[in-house]
Each structure stands twice: as C-alpha cells, then as structure tokens.
Protein chains: 4
Amino acid sequence: MNKIILIGRLTKDPELRFTPSGKGVATFTLAVNRPFANQQGEREADFIQIVVWGKPAENCANFIGKGSQVAIDGRLQVRTYDNKEGQKRWVTEVVANSVEFLDSRGKRESNRDNNENNNNQEDSSFGTVIDFSEDDIPF
Amino acid sequence: MNKIILIGRLTKDPELRFTPSGKGVATFTLAVNRPFANQQGEREADFIQIVVWGKPAENCANFIGKGSQVAIDGRLQVRTYDNKEGQKRWVTEVVANSVEFLDSRGKRESNRDNNENNNNQEDSSFGTVIDFSEDDIPF
Amino acid sequence: MNKIILIGRLTKDPELRFTPSGKGVATFTLAVNRPFANQQGEREADFIQIVVWGKPAENCANFIGKGSQVAIDGRLQVRTYDNKEGQKRWVTEVVANSVEFLDSRGKRESNRDNNENNNNQEDSSFGTVIDFSEDDIPF
Amino acid sequence: MNKIILIGRLTKDPELRFTPSGKGVATFTLAVNRPFANQQGEREADFIQIVVWGKPAENCANFIGKGSQVAIDGRLQVRTYDNKEGQKRWVTEVVANSVEFLDSRGKRESNRDNNENNNNQEDSSFGTVIDFSEDDIPF
DNA sequence: TTTT
DNA sequence: TTTT
C-alpha cells in the first residue's frame with residue numbers, strides 16, 4: 001500500500017508535455033502548508049513535486065494555474081536517473097491518480113480512470129505545452 | 001492536508017539516535033512494492049526514507065528489524081540542507097505519526113501520541129543506538 | 001489502521017453540545033460528492049455523519065456553517081446503542097481528528113491536538129449550542 | 001474526496017454472490033482494533049462492513065477467510081433501502097478498491113482495476129458462493 | 001454481534 | 001433526508 005493525499009496550492013502553472021505516442025504528462029510543484037509553526041513562529045510549507053499522466057494531465061493544464069487549490073490522491077515514487085556527470089541521482093515525487101479542483105477557478109475533478117481519448121494537444125489558458133520524446137524525459 | 005500511508009518491509013534494522021535532550025529518533029528505509037509490474041514483467045519497489053521521533057522511535061528499535069512488515073501513517077516532508085561542498089541539497093522523507101507492526105516478530109503499535117516518559121537509552125535487539133548532538137543531525 | 005479522508009460540504013450548521021465536564025462535541029453531516037454519475041446520469045452524494053471533540057468542535061461551531069467546504073481526517077467508528085424500544089441499534093460515523101476549512105468563509109484548521117484550554121461556551125454565529133449530560137448523549 | 005484505509009481481520013469467511021450478468025460481489029465484516037483502550041482497559045474493535053466487486057471479489061473468496069489480516073483501500077458509502085415493513089433504512093459500508101492480503105495464508109493483492117475476465121463461479125475453499133438476482137441484493 |  |  002502506498003497512498004498519499006495532499007491539499008495545497010500550485011506554485012506555478014503546470015507544465016504539460018507529450019510523449020511521442022501522444023500521452024500527456026503534467027508536472028507542477030504543490031505548496032502544502034504544515035499544520036504547525038516552527039520555532040520562529042512561522043508556518044512553513046513543503047514543496048512537493050507532482051506528476052499527472054493522461055487526460056487528467058491535460059485537464060490540469062486547462063483548468064488550474066499558479067495559486068489554484070487542489071486535493072491530490074496518489075502514490076509516492078522514488079526514481080533514479082543519471083545526471084550529465086554520470087552520477088546517480090534520486091527524485092522523489094507524487095504520481096497523482098486524481099486531482100480535485102477546490103477553487104472557483106475551475107471546479108472539476110480530473111481522474112486518472114477517465115476515458116483517455118483525444119490525447120491531442122489543445123489550447124491551454126495556463127499550462128505551458130512542450131513536446132518531448134520519451135527517451136528524453138526532462139524531469 | 002498531508003497524509004501518507006505505506007505498507008512495506010524494512011530493508012535494514014532501524015538506526016536509533018538521541019538528541020542531547022534525550023529524544024529518540026529512528027530512521028530506516030521502507031521497501032514498498034508497486035502494485036503492478038514494469039515492462040520487463042518485474043514487480044519493482046519504492047525505497048522510502050522514514051523518520052520516527054520519541055518513544056515510538058525506541059519501540060521501532062526494540063521491536064522491528066530488517067524484513068519486518070509495518071504499516072506507517074505519516075506526512076511527506078521536504079527538507080533542505082547544505083552539503084560539505086556548501087551546495088543546497090533536498091531530502092524527501094516520511095515523518096511517521098505511527099508505525100503499526102504487522103509481523104509476528106513484534107505485534108504492537110508504536111504511536112506518536114504515546115506517553116513519552118523514560119526517554120533513556122535502552123538495550124535493543126535490533127536498533128543500532130548512536131548518540132548525536134542536535135546541531136549535527138546526520139541524516 | 002483506520003484512516004478516512006473526506007472533502008465535502010456541510011448540509012447544515014454544526015450542532016455544538018457540551019459534556020458536564022465542559023468538553024465540546026460538534027456534530028454535522030457532510031455531503032461528499034461521488035466521483036462518477038449513476039445510471040440516470042446524476043452525480044449523487046454520500047451523507048456522512050461527523051463527530052468532532054474538544055476545542056476543534058468549538059472552532060467548527062464558530063467558523064463553519066451550512067455549505068462550508070471542509071477536509072476531514074478521522075477514523076470510522078461503529079457504535080451501538082439501545083433505542084427507546086430497547087432494541088440494539090448501530091450508528092456508523094466518522095470521528096474527526098482534524099477539520100480543515102477550505103472556504104473563504106473561515107480559512108483555518110481545527111486540529112484535535114490543539115491546546116484544549118478555555119472549554120467554555122462561547123457565542124457562535126453558526127453552531128447551535130446545547131448543553132447535555134454525558135449519560136444522555138443525543139446522537 | 002472519499003478515501004478510507006483499514007487494516008484488520010475478517011470475522012468470518014467472505015460471502016460471494018453473483019449478479020445475473022456474472023459479476024462477483026464479496027461481502028465480509030472486518031474487525032479493526034482501536035489504537036487505545038477504553039475506560040475498562042480493554043482494547044475494542046470496530047466491525048466494519050466491506051463490499052468488493054468483480055474479480056477481486058472472487059480472489060477474496062479464494063484466498064482469504066476468517067481471521068485473515070488484510071489492508072483495504074476504498075470509499076465510504078451510505079446506502080438507503082426499504083425494509084419489509086416499508087421503512088427507509090440506512091447502511092454504511094466500505095466499497096473496496098483493493099484488498100491487500102497481509103497473511104501468509106494468501107499473500108496477493110486483489111485490485112479492482114485488474115482484468116475482469118472469467119467471471120464464472122469457481123470452487124472456493126473459504127467463500128460461500130450464492131447466486132442472486134440484481135433486483136434482490138441481499139445485503 | 002464478530003477477528004488476533 | 002441533506003451540500004455546491
């Protein structure tokens with residue numbers, strides 16, 4: 001079992017990319033406020049990297065942006081990759097199963113199990129759309 | 001909201017350290033099997049760093065070890081620190097609120113809200129006990 | 001392990017009562033929309049009974065009301081009681097550990113672990129305040 | 001959002017039924033121990049009704065039985081029905097998305113998203129197999 | 001109406 | 001017996 005649930009706000013607009021096969025991938029970082037204050041009396045946040053695949057990725061690009069409040073249900077994933085210097089690096093990120101929009105700005109749920117037709121690039125008010133090839137995943 | 005729930009097995013015995021004030025901190029990494037197989041047909045795992053504070057940390061050191069199956073409830077935390085070269089590094093880890101022992105090996109729950117008296121070092125069958133000073137947290 | 005996380009809206013103002021010892025108890029029902037439509041194409045909701053104890057109960061009474069959107073973290077509880085006819089009845093409810101206010105209306109978190117002083121009855125814009133004795137819990 | 005995660009043991013063997021269209025439905029009740037003791041110093045349990053649909057339902061019937069330890073991920077559902085006297089009754093139950101087997105007895109995961117072929121009745125060591133018609137769901 |  |  002590997003379940004994570006987060007409520008927070010996007011620090012920037014999501015970035016949307018597409019695999020050569022046309023599958024969307026959205027990434028953004030989520031600011032999640034801690035429930036308590038630190039010694040200095042400030043309420044800190046954790047900045048967590050989110051990855052969304054498929055149609056929900058496109059919904060994210062279309063309906064949410066910087067500052068949007070969302071609830072995310074997903075799993076925690078630890079990936080490894082080699083950087084340019086050939087050193088092994090670790091990335092820890094949350095792979096979202098669903099992204100629920102809590103803001104007035106775009107009140108819809110983007111669910112991974114949704115039908116996955118029309119994977120084509122669409123206009124997007126917020127998300128930046130960039131093509132990428134599968135062997136060069138840039139995150 | 002920042003909730004994570006994991007079920008997995010320890011890859012090694014937990015390491016137990018103590019702050020100068022006598023508070024225990026246990027760390028270990030948890031192997032969490034993915035629910036599906038990869039392209040090669042293998043079932044991979046995510047290796048996730050866990051931190052436990054206080055009396056439950058000592059319970060972990062005393063009751064679980066390499067291979068123990070546990071259920072963890074906690075929050076995802078992203079910390080930053082400077083390495084020896086003075087570069088900013090990120091660590092992503094799960095701060096456990098409770099660790100439930102699912103194995104015969106030590107069937108008890110270690111809950112963060114437990115009474116936190118007797119924070120002294122105890123003998124431990126599994127956990128490695130190392131003192132450390134608060135300004136030199138080694139993980 | 002017994003964890004539940006809900007996001008929904010209050011169907012009515014919370015009801016706040018107090019035990020003889022002065023501990024607050026808030027109850028309300030939460031409408032949680034289902035992620036899919038039924039055969040008739042309508043999106044149904046589950047109406048779930050919530051119980052909150054202590055200072056957070058008073059915060060609920062003070063800061064949220066009918067229609068407020070909240071995120072709840074708690075546990076599922078199945079209680080039994082005897083009705084007036086002497087028959088055993090079951091109640092299933094969610095005992096909240098924390099209630100996060102997602103609405104503009106009162107954007108604060110009400111956490112069970114908060115300090116629990118000043119348990120006195122306060123004025124409340126939304127919550128109905130009713131005294132009750134512990135051997136006559138009316139829900 | 002409506003997520004629930006439970007770890008507990010079956011109080012009896014699961015009951016497996018089939019809709020006329022051949023879809024399996026397993027039901028059982030799960031004993032989930034509370035993390036704390038009551039005033040009498042006893043550790044109580046919540047007895048929670050679980051419903052599983054499809055292929056995972058059949059896996060439950062085939063691989064787990066009374067006393068098996070499982071981890072369940074699902075959603076809380078409140079259903080209404082009319083009893084024989086024509087009175088409206090409420091049922092609260094957990095609809096499982098996945099059932100993870102934690103016991104030696106049958107260490108496999110039964111996931112709702114699995115392929116749903118061969119929905120035929122099979123022999124089962126534990127589950128009681130009963131046919132039922134869709135307009136007479138007996139739970 | 002209950003599990004270990 | 002219900003919320004937006």
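Residue numbers begin at 1 in each chain, while the letters A, B, ... track the order of the sequences.
Going from atom CG of N2(C) over to atom C1' of dT4(E) covers 16 Å, rounded to whole Å. Rounded to whole Å, atom P of dT3(F) lies 20 Å from atom CG of L102(A). R34(D) has its CZ atom 19 Å from the P atom of dT4(E), to the nearest Å. As a whole-Å value, the separation of K12(D) NZ from dT3(E) C1' is 12 Å. The nearest whole Å value for the distance from the CD atom in E100(A) to the C1' atom in dT3(F) is 14 Å. Between the CZ atom of F101(C) and the P atom of dT3(F) there is a distance of 20 Å, given to the nearest Å. Spacing between atom CG of L6(D) and atom C1' of dT3(E) amounts to 14 Å, rounded to whole angstrom units. Nucleotide dT2(F) holds its C1' atom 13 Å from the CG atom of D13(C), rounded to whole Å.
Distance CD1/I4(C) to CD1/I50(C): 7.5 Å, rounded to 0.5 Å.
The side chain of N33(C) lies closest to dT4(F) when the candidates are dT4(F), dT4(E), dT2(E). Checking dT2(F), dT2(E), dT3(F) against every side-chain atom of T29(C), the shortest atom distance belongs to dT2(F). Ranking dT2(F), dT3(E), dT3(F) by closeness to the K66(D) side chain, first place goes to dT3(E). The nucleotide whose nearest atom lies closest to any side-chain atom of R9(D) is, among dT4(E), dT2(E), dT3(F), dT4(E).
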(request) Kindly indicate, with the supporting measurements, whether the criterion salt bridge (Lys or Arg N to Asp or Glu O under 4.0 Å) is fulfilled by D46(C) and R79(D). (result) CA-CA 8 Å; D46(C) 289 290; R79(D) 270 191 308 116; over 6 Å; no
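Between the side chain of D13(A) and the backbone N or O of K66(A), at least one donor-acceptor pair lies under 3.5 Å.
Salt bridge annotation for D73(B)-K3(C): present, with a cationic side-chain nitrogen under 4.0 angstrom from a carboxylate oxygen.
Looking at heavy-atom distances under 4.0 Å, K88(D) makes contact with a base.
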